[in-house]
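Some notes on the structure that comes next.
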Amino acid sequence: MTQLRNEKSVEEVADGIRRRVFEHTIRNNGGYLSQACSAAEQLAWLYQEELHLGAPTLPMIPAPFGGVPSADNPDYHTGAGYNGPAAPEYDRLFIAPAHYALVAYATLIETGRMAPEGLEMFNKDGSSVEMIGAEHSPGMEVHNGTLGIGLSTAAGLAWGRARRGETGRTWVFMSDGEVQEGQTWEAIQAAAHHRIDNLYAIMDVNDQQCDGAMSSVMEVRDIQAKIEAFGGVAVWIDGHDPDAMRAALKTPHEGKPLIILARTDPTKGMAPLMARFPRLHYVRFKSEEERAQMNTDIAGALGVDPVKLEDH
């Protein structure tokens, strides 16, 4: 559907996402490894296969941060241009958990929407390639943070698009920590009330959040039952199985938003990360010895060569 489809399979793109995030994390002594482990197939499926997107409208190498929107800054733009133009027939995507930005950037690179050099600008002063994705960051359209506002934002856009007769869908990539926020449930309820069925979400259910395992922070119980009680349609899948994603998309949801609950492993492809369980949210190595050991162990799990630390 998009002009940028390459010959890679979803699985190959997912493997590439994990490798890029691993290499970045080792070189920079920190990164969001578990998010790459759990979300790689979901984002690969969206970008490589499912989303109907046009060609990027922004430079392959991201420009520096251009300032906030104002009357004195008429050239301001969001990072959504990496997903193509906001035309009526194209889909729109919101990355709700902004801390997944590193994984989202790796996805853009693997699918030919951003140059690899863009990742070298990650978290640098003056860069638009933010550590916590903002509205000017590649692939981002709004700043969602981790406050559960992504689904609300998308629901409003989807409602407006339906009223204008636009055929493009509105998609949200979510994380399960967002079900601890009341606004998520308000969004589902409002979408069902207004019969917003051009709204789709896939939720990375990896049972992890900033302070540890989900259950140790706040027990969320039966997510599917709660979504359905608020008027949405939910279906559980294996979040590492693209065939399951394809099948879930066929679930009837007339007049209701569809939320795909993707159960995932936060150490998928990087089993040595279990040594850090349950502190998997952000990996920063405690010593050069641990960094070197993780470099060797994770590279072995991924089937790649360890990163050459002496070059960085």
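The model shown is predicted, which means the values in this text are computed figures rather than measured ones. If you read the sequence from its start, that first residue is 1, and numbering goes on from there.
- Under a hydrophobic clustering in which Ile, Leu, Val, Met, Phe, Trp and Tyr are joined whenever their side-chain heavy atoms come within less than 4.5 Å, directly or via other members, V68 and V129 fall into different clusters.
- Placement of F277 and F22 within a single hydrophobic cluster is found when ILVMFWY residues are connected by side-chain heavy-atom separations under 4.5 Å, directly or transitively.
- Side-chain atoms of T111 never come within 3.5 Å of backbone atoms of Q48 as a donor-acceptor pair (strictly under, hydrogens ignored).
- E50 and R169 are joined by a salt bridge, as a carboxylate oxygen and a charged side-chain nitrogen come within less than 4.0 angstrom of each other.
- For S127 (side chain) and M121 (main-chain N/O), a donor-acceptor pair under 3.5 Å exists by modelled atom type.
- Checked by atom type and distance alone, the side chain of H136 never pairs as donor or acceptor with a backbone atom of G66 at under 3.5 Å.
- For G133 against M140, the heavy-atom pair with the smallest separation is CA-CE, 4.1 Å.
- Partners of E254 by salt bridge (Lys or Arg N to Asp or Glu O under 4.0 Å), not counting sequence neighbours: none found.
- Salt-bridge check for E23 with R20: failed, with every basic side-chain N at 4.0 Å or more from each acidic carboxylate O.
- Residues V220 and D176 are not in side-chain contact: their nearest non-hydrogen atoms beyond the backbone lie 4.5 Å or more apart.
- A continuous path of ILVMFWY side-chain contacts below 4.5 Å connects I132 to V103, so both sit in one hydrophobic cluster.
- A donor-acceptor pair under 3.5 Å is absent between the side-chain atoms of D265 and the main chain of C37, judged by distance alone.
- Between T170 and I196, the closest side-chain pair of non-hydrogen atoms is not below 4.5 Å.
- Between Y32 and H281, the ring-plane angle classifies as perpendicular under the 30° and 60° cut-offs.
- In this structure a side-chain-to-backbone donor-acceptor pair under 3.5 Å is missing from R291 to F285.
- Between the side chain of T296 and the backbone N or O of A292, at least one donor-acceptor pair lies under 3.5 Å.
- Counting only residues at least two apart or in different chains, salt bridge (charged side-chain N to carboxylate O under 4.0 Å, His left out) contacts with residues 212-231 are absent.
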Could you give me the CA-CA distance, side-chain angles and deciding distance for R27 and E120, then say whether side-chain contact (heavy atoms from CB on, under 4.5 Å) is met? CA-CA 10 Å; R27 287 172 176 152; E120 297 174 10; over 6 Å; no
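- Contact of the Y47 side chain with the V13 side chain is not registered, since no non-hydrogen atoms from C-beta on lie closer than 4.5 Å.
- Between the side chain of D91 and the main chain of L51, no donor-acceptor pair closer than 3.5 Å is present.
- Counting heavy atoms from C-beta outward, E49 and P242 have side chains that stay 4.5 Å or more apart.
- Y100 and F173 have perpendicular rings, their planes meeting at more than 60° on a 0 to 90° scale where under 30° would count as parallel.
- Just one residue in the list D238, N206, V205 forms a side chain to side chain contact (heavy atoms under 4.5 Å, CB included) with T264, and that residue is N206.
- In this structure the side chain of I26 reaches within 4.5 angstrom of the side chain of L309, judged on heavy atoms.
- When hydrophobic clusters are built by joining Ile, Leu, Val, Met, Phe, Trp and Tyr residues whose side-chain heavy atoms come closer than 4.5 Å, directly or via intermediates, M245 is grouped together with L249.
- Under the 4.0 Å criterion applied to side-chain N and carboxylate O atoms, E166 and R92 are not assigned as salt-bridge partners.
- At a cut-off of 3.5 Å, with distance as the only test, a side-chain donor of S152 or Q183 sits close to an acceptor on the other residue.
- Side-chain contact between P62 and M114: present, with at least one pair of heavy atoms (C-beta onward) separated by less than 4.5 Å.
- Hydrophobic clustering (side-chain heavy atoms under 4.5 Å, transitive across Ile, Leu, Val, Met, Phe, Trp, Tyr) groups L302 together with L102.
- In this structure, H253 has its ring center closer than 6.0 angstrom to the ring center of Y200.
- Ring planes of W159 and H194: tilted class, angle from 30 to 60°.
- Between R18 and E41, at least one side-chain N (NZ, or NE/NH1/NH2) sits under 4.0 Å from a carboxylate O, which counts as a salt bridge.
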